[in-house]
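Working notes, beginning with the structure itself.
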Number of protein chains: 2
Amino acid sequence: MAKTKRKAERREDALTRERIVDAAIALLDDEGEQGLTFRALAARLATGSGAIYWHVTNKDELLAAASDVVVSRALADVRAHATPEQTIGSVALAVFDSIDAHCWAGTQLARNPPTRALLQIVERIGRQLQALRVPAAVQFTAASVLGSYIISESRQNAANGRSSEPRPDRADFLASVASEWMQLDADEFPFIRQVASQLREHDDRAEFLAGIDLILAGIASARRADDR
Amino acid sequence: MAKTKRKAERREDALTRERIVDAAIALLDDEGEQGLTFRALAARLATGSGAIYWHVTNKDELLAAASDVVVSRALADVRAHATPEQTIGSVALAVFDSIDAHCWAGTQLARNPPTRALLQIVERIGRQLQALRVPAAVQFTAASVLGSYIISESRQNAANGRSSEPRPDRADFLASVASEWMQLDADEFPFIRQVASQLREHDDRAEFLAGIDLILAGIASARRADDR
DNA sequence: ACCTGAACACCGTTCAAGT
DNA sequence: ACCTGAACACCGTTCAAGT
């Protein structure tokens, strides 16, 4: 037993990539994106800043890994539903909510090359499209549109919202955006102004799902076009 | 004449916000996003780095302004077409191509609060939706989906592509992405792997427009649902 | 009012030296 | 192999001093 264990025997407080990424997530959640410094992270891990570089290539990679972990965990909890459309909606909401809870993660999802989490999202969606019998030629387009929309909207929501649970000032925020838009030139921005006037009864999460449904309707019509 | 001019009389080389933003755009195009420094910018303008702060609040605002100018110029060139759908396609392509030419501008478009350029995009699209007689309740959702998709896809294309005109290594790039995806676990990523195998005959710009059409189909179906 | 440029605070990253 | 922490290079921003 001692023999097989010897290599694996690690001190409880040994520095590992996993511990570093977890500490980074905690730091990002606590202090925001600008709170993540190698110095602060080293302090949290009770080590030197240089030690981190032994396990992680650089800050960029660390941020990507942190975002990956957060979104992957959220995706892992998504179960299949009765219809592919519902499953797609669940995947979308899982991403939306996890980025809402970790607002720094949104930026990372749009990175290039794509993070593994983004590939997971597209994979989950793609399978549902196949289950929906979307023609092969349309599958890539459909998955792209859904993926783009999910990332983009989740990101924007997180940038607006700061922390999901306690939103006392949400109404104030909407009102301030609305009043700002109403000050735009009436000739140049008639549409924006009209939208601004409806902004009060706005539910981000419901709006997000309405967008998903709109895209699904487009996919359904492409499928019908193919049947003919 | 001397009297009315006195206030407006400025030396040719006077520092103005406009000159600063233009120099920033040139610097960003030449050296990339990380090439924009107050020191480098000051050198280009033959002044001290502190002088820039008299005309611009900070780097963030400067980046936003630069992106705004670039995208606004592209939008200004878009003319109305025979159908609202075609006009929307033209707006989308104008944004896509301008970000492709200035790849640093994509990130800025997704800023919060929204840049003026994004409001212009949504405005142009919104008016076309009204021309299409999209029900009022759907207009906001439809404009959001289109806006999200345009920004997200343009950004990703720019991050991939580096400079639009000379793309000799484009095929190589696609091939390398494809082979990377083919190395993913076959059980975990069947859809991604299938998509990867079709990646060779991929035209980003055509794909982008196909996505726009898919969304427009969704909008059309929402319109029909309303008619009933 | 507007410009100059040195100085400040802070950060990612490296690396010689340790264990 | 892995950790330490001082040092390096570089940057956004400020500000006293100039015109």
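Every value quoted in this text rests on a predicted model; they were computed, and no experiment measured them. Just so we're on the same page: letters track the sequence lines, and every chain starts at 1.
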Can Gln120(B) and Ser72(B) be said to form a side-chain hydrogen bond (donor to acceptor under 3.5 Å, both in side chains), step by step? CA-CA 8 Å; Gln120(B) 287 172 340; Ser72(B) 293; 2.9 Å; yes

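A side-chain donor-acceptor contact under 3.5 Å links Thr141(A) and Glu207(B). Checked by atom type, the side-chain pair Glu153(B)/Ser144(A) shows no donor-acceptor distance below 3.5 Å.
When rounded to the nearest whole Å, the span between CG of Leu63(A) and C1' of dC11(C) equals 14 Å. The nearest whole Å value for the distance from the CD atom in Glu61(A) to the P atom in dG12(C) is 15 Å. In this entry the distance linking NE2 of His55(B) with C1' of dC2(C) reads 7 Å, nearest Å. The interatomic distance linking Leu41(A) (CG) with dG5(D) (C1') rounds to 15 Å, in whole Å. The separation between Ile20(A) atom CD1 and dC2(D) atom P is 11 Å, rounded to whole Å. Taking atom CG on Leu36(B) and atom P on dG12(D), their separation rounds to 7 Å, with Å as the unit. Distance, Ile52(A) CD1 to dC11(C) P: 13 Å, rounded to whole Å. At whole-Å resolution of the value, CD in Glu31(B) and P in dC11(D) are 11 Å apart.
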Fill in the dot-bracket string of DNA chain D, one character per base: . for unpaired, | for a pair to another strand, ( ) or [ ] for pairs within the strand, taking Watson-Crick or G-U pairs under 3.5 Å. ||.|||||...|||||.||

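Nearest heavy atom pair, residue Leu119(B) against residue Ile192(A), reads O-CD1, 3.6 Å. Contact record, Ala175(B) with Arg200(B): CB-NH1, 4.2 Å, taken as the closest heavy-atom pair.
Ring pair Phe38(A)/Tyr53(A) is parallel by interplanar angle, where below 30° counts as parallel and above 60° as perpendicular. Ring geometry for Phe208(B) against Phe96(B) counts as parallel: the plane angle stays under 30°, on a 0 to 90° scale with 60° as the upper cut.
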Table of protein N/O atoms under 3.5 Å from nucleotides 13-15 of chain C N/O atoms:
from	atom 1	to	atom 2	distance (Å)
dT13(C)	OP2	Tyr53(A)	OH	2.9
dT13(C)	OP2	Lys59(A)	N	3.0
dT13(C)	O5'	Tyr53(A)	OH	3.1

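Taking the charged nitrogens against the carboxylate oxygens, Arg17(B) and Asp22(B) have no contact shorter than 4.0 Å, which rules out a salt bridge. Asp100(A) has no carboxylate O lying under 4.0 Å from a charged side-chain N of Arg205(A), or vice versa, which leaves the two without a salt bridge.
Not one side-chain nitrogen or oxygen of Trp54(A) sits closer than 4.0 Å to the OP1 or OP2 atom of dC3(D).
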